[in-house]
Amino acid sequence: MNPPRIVLSSIKAQIKRRFYYRFSPQKVKEDLKRRRGECLGCGKCCQAVVPCPMLFKSGEKLLCKIHQHKPYECHLYPVNNKDFFKHLKTTCGYWFVDEDGEKEI
C-alpha cells in the first residue's frame, strides 16, 4: 500500500470514529469504563494522520493551544482498543482491560 492510500484510509477511519463518538454516547461511556492509564502528553495521536495546527512544543511534550476548548473527539481518544492508531498502540499511556480486568492486546 502506498502512503497516499494509507493517509486516505486513516482519514476515513477518523471520520467513522467521530460519527461513533457523536451518535453512540452510551456505547462510548461503556467503552471508556475499560480504559486505564493516562495521557503522556506526547502529541503523537494529534499528529497521526494530519498534524494538528493547535499543537506547540514545550520541552519534550507537544501541548494543545486550545486544550480547555478542544473538540469532544480529542478529549475522548482512545475510546476503545480498536480506536488506537496501530502505530501508537504500544506507545500510548492508555490501555484497555476486558471484562475480567485483564489487559487487552
J.: Should the pair R35-D31 be classified as a salt bridge under the 4.0 Å nitrogen-to-oxygen rule?
T.: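 Salt bridge absent between R35 and D31.
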J.: Do W95 and Y77 share a hydrophobic cluster, counting only Ile, Leu, Val, Met, Phe, Trp and Tyr and linking them when any side-chain heavy atoms are less than 4.5 Å apart?
T.: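 In one cluster: no.
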J.: Let me confirm one number: the NZ-CZ distance from K82 to F96, rounded to the nearest 0.5 Å.
T.: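 Taking NZ in K82 and CZ in F96, the distance rounds to 11.5 Å.
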J.: Once rounded to the nearest 0.5 Å, what's the spacing between atom NZ of K89 and atom OG1 of T91?
T.: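 So the NZ of K89 and the OG1 of T91 are separated by 12.0 Å.
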J.: Does H75 have more than 12 heavy atoms from other residues, nucleotides or ligands lying within 6.0 Å of its NE2?
T.: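 More than 12 within 6.0 Å, yes.
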J.: Which residues pass the side-chain hydrogen bond (donor to acceptor under 3.5 Å, both in side chains) test with E102, not counting sequence neighbours?
T.: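 E102 satisfies side-chain hydrogen bond (donor to acceptor under 3.5 Å, both in side chains) with no other residue.
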J.: With sequence neighbours left out, what residues match Y94 under ring pair (Phe, Tyr, Trp, His ring centres under 6.0 Å)?
T.: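 Y94 satisfies ring pair (Phe, Tyr, Trp, His ring centres under 6.0 Å) with no residue once adjacent residues are dropped.
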J.: Please report the closest heavy-atom contact between L32 and P78, naming both atoms and the distance.
T.: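 Nearest heavy atoms, L32 then P78: CD2-O, 4.0 Å.
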J.: Let me have the donor-acceptor pairs involving side chains of residues 38-54, under 3.5 Å, with sequence neighbours excluded, atom names and distances please.
T.:
residue, atom, partner, partner atom, Å
Q47, NE2, G43, O, 3.4

J.: Test of understanding: with salt bridge (Lys or Arg N to Asp or Glu O under 4.0 Å), list the residues that count as partners of R34, not counting sequence neighbours.
T.: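 For R34, the residues satisfying salt bridge (Lys or Arg N to Asp or Glu O under 4.0 Å) (neighbours in sequence not counted) are E99, E104.
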J.: Salt bridge (Lys or Arg N to Asp or Glu O under 4.0 Å) with K70: which residues, sequence neighbours excluded?
T.: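 For K70, no residue satisfies salt bridge (Lys or Arg N to Asp or Glu O under 4.0 Å) once neighbours in sequence are set aside.
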J.: Tell me whether V28 is reachable from F84 by hopping between hydrophobic residues (I, L, V, M, F, W, Y) whose side-chain heavy atoms are closer than 4.5 Å.
T.: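 The answer is yes; both residues are in one hydrophobic cluster.
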J.: List the residues meeting side-chain hydrogen bond (donor to acceptor under 3.5 Å, both in side chains) with K65, not counting sequence neighbours, and say none if there are none.
T.: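 None.
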J.: Is atom NZ of K29 surrounded by more than 12 heavy atoms (other residues, nucleotides or ligands) closer than 6.0 Å?
T.: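 Not buried by this count: 12 neighbours or fewer within 6.0 Å.
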